[in-house]
Amino acid sequence: AVQLVESGGGSVQTGGSLRLSCAASGYTDYMAWFRQTPGQEREGVALIRTVGGSTSYADSVKGRFAFSRDNAKNTVYLQMDNLKPEDSAMYYCAADFRGGLWFRPSNYAAWGPGTQVIVSS
């Protein structure tokens with residue numbers, strides 16, 4: 001499975017921005033971002049198809065988050081704007097998509113260790 005490493009998390013105030021990065025060790029057709037808070041299930045945030053760049057987003061982040069990729073670097077980026085306290089979570093990059101619903105964590109075979117995002121009010 002491809003290896004993934006996230007970066008870019010941190011602490012911001014409400015309304016601020018962060019850009020997360022995920023570097024993959026090799027090519028993968030799809031990459032996704034998930035997030036998770038303690039005691040909650042992992043939630044799908046966004047998906048990108050690395051060929052063509054088509055994207056899908058969770059309703060909760062549409063219009064605020066933007067997913068992009070640099071195929072030459074096998075790296076994807078999640079630009080997060082107008083952040084809200086409810087966006088606070090550990091964010092995980094996922095790859096090796098098996099098919100099915102993109103927002104189901106069980107449909108991915110590769111995961112990064114995560115990067116923490118904290119949004120204070």
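What you see below is based on every heavy atom in this structure, not just the backbone, and it leaves out hydrogens, waters and symmetry mates.
Not a single donor-acceptor pair under 3.5 Å links the side chain of Q13 to the backbone N or O of S121. In this structure, the side chain of Y57 engages the main chain of F67 through a donor-acceptor pair within 3.5 Å. At distances below 3.5 Å, not a single donor-acceptor pair connects side-chain atoms of T14 with backbone N or O atoms of K84. Checked by atom type and distance alone, the side chain of T55 never pairs as donor or acceptor with a backbone atom of L47 at under 3.5 Å. A donor-acceptor pair is defined here as one N or O able to donate and one able to accept, closer than 3.5 Å; such a pair exists between the side chain of N107 and the backbone of L101. At distances below 3.5 Å, not a single donor-acceptor pair connects side-chain atoms of R42 with backbone N or O atoms of S106. A donor-acceptor contact shorter than 3.5 Å is absent between the side chain of T75 and the backbone of D70. Side-chain N or O atoms of D96 include none that pairs as donor or acceptor with a backbone N or O of T28 at under 3.5 Å. In this structure a side-chain-to-backbone donor-acceptor pair under 3.5 Å is missing from T37 to A89.
Side-chain atoms of D29 and F97, non-hydrogen and from C-beta on, never get closer than 4.5 Å to each other. Proximity of V61 to R35: side-chain heavy atoms (C-beta onward) are separated by under 4.5 Å at one or more points. Contact annotation: the side chain of S56 never approaches that of F103 to less than 4.5 Å [non-hydrogen atoms, C-beta and beyond].
Residues W33 and V76 approach most closely at NE1-CG2, 4.2 Å, considering heavy atoms. Residues G44 and A58 approach most closely at O-CB, 3.4 Å, considering heavy atoms. In terms of heavy-atom proximity, V2 sits nearest to A24 at CG2-CB, 3.8 Å. The shortest non-hydrogen separation linking S60 to E43 is OG-OE2, 3.7 Å. Taking all atoms of both residues into account, the shortest heavy-atom contact from R98 to Y108 is NH1-O, 3.6 Å. In this structure, D87 and V117 approach most closely via the heavy-atom pair O-CG1, 4.2 Å.
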Report the C-alpha separation of Q79 and D81 in whole Å, then their side-chain angles, then the decisive distance to 0.1 Å, and conclude whether the side-chain contact (heavy atoms from CB on, under 4.5 Å) test is met. CA-CA 6 Å; Q79 178 66 41; D81 296 323; 2.9 Å; yes

Apply the test side-chain contact (heavy atoms from CB on, under 4.5 Å) to residues L83 and F65: give CA-CA distance (whole Å), side-chain angles for both, the deciding distance (0.1 Å), then the verdict. CA-CA 9 Å; L83 283 161; F65 290 13; 3.8 Å; yes

Go through it in stages, so that I can follow the logic: the residues are M80 and V12, the test is side-chain contact (heavy atoms from CB on, under 4.5 Å), and I'd like the CA-CA distance, side-chain angles, deciding distance and then a yes or no. CA-CA 11 Å; M80 306 188 296; V12 296; over 6 Å; no

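The list of disulfide bond (SG atoms under 2.5 Å apart) pairs with a residue in residues 29-115, not counting sequence neighbours, reads C22-C93. The disulfide bond (SG atoms under 2.5 Å apart) analysis of residues 27-79, with sequence neighbours excluded, yields no pairs.
When the shell of 6.0 Å around CZ of R49 is examined, it contains 12 or fewer heavy atoms from other residues, nucleotides or ligands. The number of heavy-atom neighbours closer than 6.0 Å to CD of E86, taken from other residues, nucleotides and ligands shown, is above 12.
For the atom pair CG of L78 and OG of S68, the computed distance is 8.5 Å after rounding to the nearest 0.5 Å.
Both L4 and Y91 are members of a single hydrophobic cluster when ILVMFWY side chains are connected at heavy-atom separations under 4.5 Å. Under a hydrophobic-cluster definition in which Ile, Leu, Val, Met, Phe, Trp and Tyr are linked whenever side-chain heavy atoms come within less than 4.5 Å, directly or via other members, L20 and W111 are assigned to different clusters.
Residues passing the ring pair (Phe, Tyr, Trp, His ring centres under 6.0 Å) test with Y92: none are found, sequence neighbours excluded.
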